[in-house]
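These numbers come from the heavy atoms of this one structure, side chains and all, not from hydrogens, waters or symmetry mates. The first residue of the sequence shown is numbered 1, and numbering continues consecutively from there. Whatever order the structure lists them in is the order used to number ligands and atoms, beginning at 1.
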Amino acid sequence: MKKEFVVIGLGRFGGSIVTELVELGAEVMAIDISSDRVEEYAQIATTAVTADTTDESALRSLGIRNFEHVVVAIGENIQASILTTLILKEVGVKHISVKAQNDYHEKVLRKIGADQVVHPERDMAKRIANNMVSNNILDY
Ligand code: ATP
């Protein structure tokens with residue numbers, strides 16, 4: 001059976017996650033509040049849906065709790081990111097990964113039960129710097 005994921009927020013990070021997951025053979029539901037963004041991923045994702053994920057009933061009607069792993073890639077709107085994560089937790093999604101904007105954001109996300117918190121730019125910079133120091137230019 002194919003692995004199924006949901007990605008919420010189709011900015012540069014969320015959009016790249018969608019593309020990579022599909023390349024790896026997964027089924028992906030892509031969600032964004034912006035119909036333009038959703039349109040961009042309609043041909044790439046398995047399903048692409050326009051929805052405000054701070055609206056609990058909208059999330060429930062998409063059957064979100066049937067997915068084991070949801071990625072929240074809403075960046076700038078920290079309030080929307082937190083509220084979305086809280087709802088996902090409440091409906092019982094097993095694994096929630098969230099992109100954090102800063103340390104305060106991360107602290108709140110961890111408190112409400114996010115399983116994985118990522119800082120894409122910071123994490124990638126760390127990895128590249130480590131590889132530079134160890135002269136391992138092959139694995140950026
Ligand atoms: P990146 O750096 O990855 O491009 P970003 O940090 O600039 O991302 P934003 O562009 O603020 O992040 O958010 C990513 C996406 O999340 C946007 O496409 C935005 O429309 C979407 N988004 C924001 N609020 C909501 C919401 N309430 N429900 C669903 N999607 C949302």
Side-chain angles (χ1 to χ4, degrees):
M1 218 177 77
K2 280 191 166 186
K3 290 199 169 182
E4 293 184 326
F5 301 94
V6 176
V7 178
I8 297 171
L10 305 172
R12 283 168 304 170
F13 176 67
S16 300
I17 295 278
V18 171
T19 306
E20 290 299 322
L21 286 171
V22 170
E23 290 258 308
L24 291 167
E27 303 263 354
V28 184
M29 180 193 278
I31 306 175
D32 201 287
I33 199 169
S34 149
S35 53
D36 286 350
R37 287 272 163 95
V38 170
E39 191 96 343
E40 268 181 57
Y41 286 89
Q43 305 297 323
I44 299 167
T46 315
T47 42
V49 184
T50 306
D52 178 353
T53 56
T54 62
D55 176 353
E56 183 169 343
S57 59
L59 269 185
R60 283 188 187 273
S61 70
L62 290 171
I64 204 85
R65 68 192 179 89
N66 300 320
F67 291 85
E68 291 231 334
H69 195 153
V70 178
V71 178
V72 182
I74 299 172
E76 275 169 34
N77 189 344
I78 291 179
Q79 189 172 315
S81 160
I82 291 169
L83 191 50
T84 297
T85 305
L86 194 60
I87 295 169
L88 293 172
K89 200 71 200 169
E90 277 175 2
V91 301
V93 172
K94 285 209 184 72
H95 195 100
I96 307 170
S97 300
V98 193
K99 171 185 160 167
Q101 198 72 2
N102 56 49
D103 290 342
Y104 300 112
H105 188 191
E106 170 165 10
K107 204 166 180 181
V108 177
L109 292 170
R110 295 217 180 268
K111 196 87 179 171
I112 61 177
D115 302 284
Q116 183 185 22
V117 178
V118 295
H119 299 257
E121 285 93 353
R122 194 194 290 180
D123 297 345
M124 186 48 90
K126 199 180 251 181
R127 196 167 154 201
I128 291 176
N130 271 296
N131 285 338
M132 285 166 76
V133 167
S134 59
N135 273 333
N136 182 2
I137 53 168
L138 290 177
D139 182 31
Y140 275 13

Worksheet item: To the nearest 0.1 Å, how far is atom 4 (O) of ligand 1 from its closest protein heavy atom, and which atom is that?
Response: Arg12 N, 2.7 Å
Worksheet item: Is Asp103 close to His119 at the side-chain level, that is, under 4.5 Å between some pair of heavy atoms?
Response: yes
Discussion item. Are any of the N/O atoms on Gly14, whether in the backbone or the side chain, positioned under 3.5 angstrom from an N/O atom of ligand 1?
Written reply: no
Discussion item. I'd like to check which ligand 1 atoms, numbered from 1 as shown, lie under 4.0 Å from a non-hydrogen atom of Asp52.
Written reply: 26 (C), 27 (N), 28 (N)
Worksheet entry | Distance, nearest 0.5 Å, that separates OG of Ser34 from CG of Asp52 | 12.0 Å
Response to the item:
For Ala73, the ligand 1 atoms with a heavy-atom partner under 4.0 Å come out as 14 (C)
Worksheet item: Looking at ligand 1, does any of its N/O atoms fall within less than 3.5 Å of an N/O of Thr53?
Response: yes
Worksheet item: What is the nearest protein non-hydrogen atom to atom 30 (N) of ligand 1, stated with its residue, atom name and distance?
Response: Ile33 N, 3.2 Å
Discussion item. Can a donor-acceptor pair be found, under 3.5 Å and without considering hydrogens, that links the side chain of Asp32 to the backbone of Leu10?
Written reply: yes
Worksheet item: What distance separates Ile31 CD1 from Leu59 CG, expressed to the nearest 0.5 Å?
Response: 6.0 Å
Discussion item. Are any of the N/O atoms on Arg37, whether in the backbone or the side chain, positioned under 3.5 angstrom from an N/O atom of ligand 1?
Written reply: yes
Worksheet item: When you measure from atom 3 (O) of ligand 1 to every protein heavy atom, which one gives the shortest distance, and what is it?
Response: Phe13 N, 2.8 Å
Worksheet item: Does a sphere of radius 6.0 Å around CD in Glu39 hold more than 12 heavy atoms from other residues, nucleotides or ligands, not counting ones at 6.0 Å or beyond?
Response: no
Practice prompt. With the side chain counted from C-beta on, respond yes when Phe5 and Val18 share a heavy-atom pair under 4.5 Å apart, and no when they do not.
Written response: no
Worksheet item: At what distance is the nearest protein heavy atom to atom 8 (O) of ligand 1, and which residue and atom is it?
Response: Lys99 NZ, 3.3 Å
Practice prompt. May I ask you to check whether Ser34 has an N/O atom sitting below 3.5 Å from an N/O atom of ligand 1?
Written response: no
Response to the item:
Closest to atom 13 (O) of ligand 1 among protein heavy atoms sits Gly75 N, 3.4 Å
Worksheet entry | Asp115 side-chain N/O to Ser97 backbone N/O, donor-acceptor pair under 3.5 Å | no
Worksheet item: Does Gly9, backbone or side chain, put an N or O under 3.5 Å from an N or O of ligand 1?
Response: no
Worksheet item: So do the side chains of Arg127 and Asn130 get within less than 4.5 Å of each other, counting heavy atoms only?
Response: no
Worksheet item: Going by distance only, is there an N or O of Asp32 that falls short of 3.5 Å from an N or O of ligand 1?
Response: yes
Worksheet entry | Audit row: Asp123, Lys99, salt bridge (Lys or Arg N to Asp or Glu O under 4.0 Å) steps and yes/no | CA-CA 11 Å; Asp123 297 345; Lys99 171 185 160 167; over 6 Å; no
Worksheet item: Should Ile78 and Asn102 count as side-chain neighbours, where that means a heavy-atom distance under 4.5 Å?
Response: yes
Discussion item. With a 4.0 Å cut-off on heavy atoms, is Leu10 in contact with ligand 1?
Written reply: yes
Discussion item. Considering non-hydrogen atoms of the protein only, which is the closest contact for atom 24 (N) of ligand 1, and what is the distance?
Written reply: Ile74 CG2, 3.9 Å
Discussion item. Counting C-beta onward and ignoring hydrogens, is there a side-chain heavy-atom pair between Glu4 and Met29 closer than 4.5 Å?
Written reply: no
Worksheet item: Where the closest heavy atom to atom 11 (O) of ligand 1 is concerned, which of Gln101, Glu76, Glu40 has it?
Response: Glu76
Fill in: ligand 1 atoms in contact with Ala51 (distance to a heavy atom under 4.0 Å)
28 (N), 29 (C)
